[in-house]
Amino acid sequence: MGLGLFGGIDRIEEAWNRVYMLVNKLKTSCLLLDGHTSEEFSMHDVVRDVAISIAFRDQGVFSMNDGVFPRGLSDKEALKRCPAISLHNCKIDELLEGLECPQLKLLHMATEDLSVQQIPNNFFIGMTELRVLDFVAMHLPSLPSSLCLLSNLQTLCLDYGVFGDVSIIGELKTLEILSFQGSNIEEFPREIGQLTRLRLLNLAYCNLLKVIPSNVLSSLSRLEELYMGYTFVEWEIEGLNNVRSKASLHELKQLSYLTNLEIQIQDANVLPKGLLSKKLKRYKIFIGDEWNWSDQLQNSRILKLKLNNSTWLKDDVFMQMKGIEELYLDEMRGVKNIVYDLDREGFPKLKHPQIQNNPYFLYVIDSVKHVPRDAFRALESLSLSNLINLEKICHGKLKAESFCKLTTLKVKSCDKLSFIFSFSVARSLPQLQTIEVIACKNMKEIFAVV
């Protein structure tokens, strides 16, 4: 989350793009290794040690790991020139009492010690030029009062920590990035609504967070990215109460700069119309109680919906949300097909749809009442499960460009389905590799003459 280090950046998205470019360059040079997902990477121990040595020699950067005391940390003159310090799993209270680091821009501190750490209130007095502060897995009864002296701080990460009162963060008026990912925070401080320069807020995996005060989110008028995956906030339903004490999802509609949203909403009744809009460039939105959150998904535009009625969909939500890459639909009362009930343009960017548990669903594509056109031009896989009244995958004519990238098809418990594709459609599927059919009672053939 140290994106505050980049200068000349107008949007957070630009900073991410620069990070990805640098990471790919390092991977190409074999200085970084691929991780489990496209957003993860690792570094060989030898490369890491060399990098730490060079950073210390050329830039005066101090790095300590597992209690190994870094060379020069006791040198007060060297500390005065030090731009960055990284400490992992070290005795923090013994090492950092009264450090004078007037040029320090970045401080990273992480621990695996579950006991309460004690950081003195005057801790930050000697490092007022700090731009990035990253506390990982820290257990602090309170944040040091000298935190408010960091008038240049742009990035504050308190990930996976246990904290008491954090309302002092509201005094950090220059803050642009704030992360509580995986922390024990239970109630979001109202004072954070004062951070009008904030552009990224990460509340993902905050399992204990239940309440966000009303009008705090809408006060963050410059917010571009909001992460709330696997966090289950009690949202107020707009219109039920004249006086609101809790935040409503309607507040997100007031964030005109918001382009990246990751959120999990278990109760679809709290959804306001127009929440999902075309201004979102990247999103991972799970609605309903069916879905388990995952960070392993590869695509950047993912929507999972479980709705017991389709009235919310009358807002043309799919037409608004251009470029959906992964789409999961559960129940969806009244929806009889994907194309053209949900998207008359045929989901041109959709790669991985999964439709399940819908007794109203008759076809995946219904072009009989519409002008035949190409659909699913980017489709790579298709999963259909427990669609007990599904009659056909394709109903009507399609252009040859439809399904042109399909490689995998899974069909389970679709009892009325008697075949998968007509021969005419099958001939336009040169990349199809796998068809899996499970427990479809009426299935007679995979390809049929129609």
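Using modelled atom types, no side-chain atom of Ser142 and backbone atom of Gly164 make a donor-acceptor pair closer than 3.5 Å. Judged purely by atom type and a 3.5 angstrom limit, Asn184 uses its side chain to pair as donor or acceptor with the backbone of Phe163. Of the possible polar contacts, none joining the Ser214 side chain to the Ala247 backbone as a donor-acceptor pair under 3.5 Å is found. In this structure a side-chain-to-backbone donor-acceptor pair under 3.5 Å is missing from Asp134 to His108. Side-chain N or O atoms of Asn358 include none that pairs as donor or acceptor with a backbone N or O of Arg333 at under 3.5 Å. Using modelled atom types, no side-chain atom of Asn122 and backbone atom of Ile125 make a donor-acceptor pair closer than 3.5 Å. No donor-acceptor distance shorter than 3.5 angstrom exists from the side chain of Ser183 to the backbone of Tyr160, with no hydrogens or angles considered. A distance-only check finds no donor-acceptor pair linking the side chain of Asn337 to the backbone of Ile365 [under 3.5 Å]. Counting only distance, with no hydrogens or angles, the side chain of Lys304 and the backbone of Ile302 share no donor-acceptor pair below 3.5 Å. Judged by distance alone, with hydrogens and angles left aside, the side-chain atoms of Ser146 form a donor-acceptor pair with the main-chain N or O of Phe124 at under 3.5 Å.
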### Residue pair Val132, Ile177: steps toward the side chain to side chain contact (heavy atoms under 4.5 Å, CB included) verdict
CA-CA 9 Å; Val132 177; Ile177 296 173; over 6 Å; no
### Query
Can you list the steps and then say if Ile287 with Ile285 is a side chain to side chain contact (heavy atoms under 4.5 Å, CB included)?
CA-CA 6 Å; Ile287 297 172; Ile285 300 170; 3.9 Å; yes
### Task
Dump the intermediate steps for side chain to side chain contact (heavy atoms under 4.5 Å, CB included) on Leu203 and Glu262, then the final yes or no.
CA-CA 10 Å; Leu203 298 174; Glu262 293 189 2; over 6 Å; no
### Task
Could you walk me through whether Phe188 and Phe180 pass the side chain to side chain contact (heavy atoms under 4.5 Å, CB included) test, one step at a time?
CA-CA 10 Å; Phe188 202 61; Phe180 287 101; 4.0 Å; yes
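Of the N and O atoms on the side chains of Asp330 and Gln356, at least one donor lies less than 3.5 Å from an acceptor on the other residue. Defined by atom type and a distance below 3.5 Å, a donor-acceptor pair is present between the side-chain atoms of Asn260 and Tyr227. Using modelled atom types, one finds a donor on one side chain and an acceptor on the other under 3.5 Å when comparing Trp16 with Glu225. Under the 3.5 Å distance criterion, with hydrogens and angles disregarded, no donor-acceptor pair is assigned to the side chains of Gln433 and Gln431.
Note: Asn357 CG to Ser385 OG = 6.0 Å, rounded to the nearest 0.5 Å. Atom CE of Met127 sits about 9.0 Å away from atom CG of Leu79, to the nearest 0.5 Å. Note that the CE atom of Met21 and the CZ atom of Arg18 stand 6.5 Å from one another [nearest 0.5 Å].
Around the NZ atom of Lys405, the shell of radius 6.0 Å holds no more than 12 heavy atoms that belong to other residues, nucleotides or ligands. Around the OH atom of Tyr205, the shell of radius 6.0 Å holds more than 12 heavy atoms that belong to other residues, nucleotides or ligands. Within 6.0 Å of CZ in Arg197 there are 12 or fewer heavy atoms belonging to other residues, nucleotides or ligands.
A cation-pi contact links Arg222 to Tyr257, judged by a cut-off of 6.0 Å to the six-membered ring centre and 45° from its axis.
Residues passing the ring pair (Phe, Tyr, Trp, His ring centres under 6.0 Å) test with Phe403 are Phe376, Phe421, sequence neighbours excluded. Qualifying ring pair (Phe, Tyr, Trp, His ring centres under 6.0 Å) partners for Tyr360, counting only residues two or more places apart in sequence or in other chains: none.
Scanning both residues, Pro144 and Ile119, for their nearest heavy atoms gives CG-CG2, 3.5 Å. Between Phe62 and Ala78 the shortest heavy-atom distance is CZ-CB, 4.0 Å. Across all non-hydrogen atoms, the minimal contact from Ile12 to Glu224 is N-OE1, 2.7 Å. Of all heavy-atom pairs between Gln181 and Asn202, the closest is OE1-ND2, 2.9 Å. The minimum heavy-atom distance between Leu384 and Leu390, with the atom names listed, is CD1-CD2, 3.9 Å. The shortest heavy-atom contact between Leu305 and Trp291 is O-CZ2, 3.3 Å.
Within the 4.5 Å cutoff, the side chain of Thr155 has no heavy atoms near those of the Arg131 side chain. A 4.5 Å side-chain heavy-atom check between Val23 and Leu32 finds at least one atom pair inside the cut-off. You'll find the side chain of Phe347 stays beyond 4.5 Å of the side chain of Leu379, heavy atoms only. Leu133 places a side-chain heavy atom less than 4.5 Å from the side chain of Leu147.
For the salt bridge (Lys or Arg N to Asp or Glu O under 4.0 Å) with Lys246, the qualifying choice from Glu251, Glu236, Glu234 is Glu234, the only one to do so.
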Quiz: residues 406-413 side-chain donor-acceptor pairs under 3.5 angstrom, not counting sequence neighbours:
from   : atom 1 : to     : atom 2 : distance (Å)
Thr407 : OG1    : Glu380 : O      : 2.9

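Between Lys173 and Glu171 there is no salt bridge, since none of the side-chain N atoms of the basic residue sits less than 4.0 Å from a carboxylate O of the acidic one. Ion pairing of Lys80 with Glu77 is present here, as a side-chain N (NZ or NE/NH1/NH2) and a carboxylate O approach within less than 4.0 Å. Of the charged side-chain nitrogens involved, at least one lies within less than 4.0 Å of a carboxylate oxygen, so that Arg199 and Glu176 count as a salt-bridged pair.
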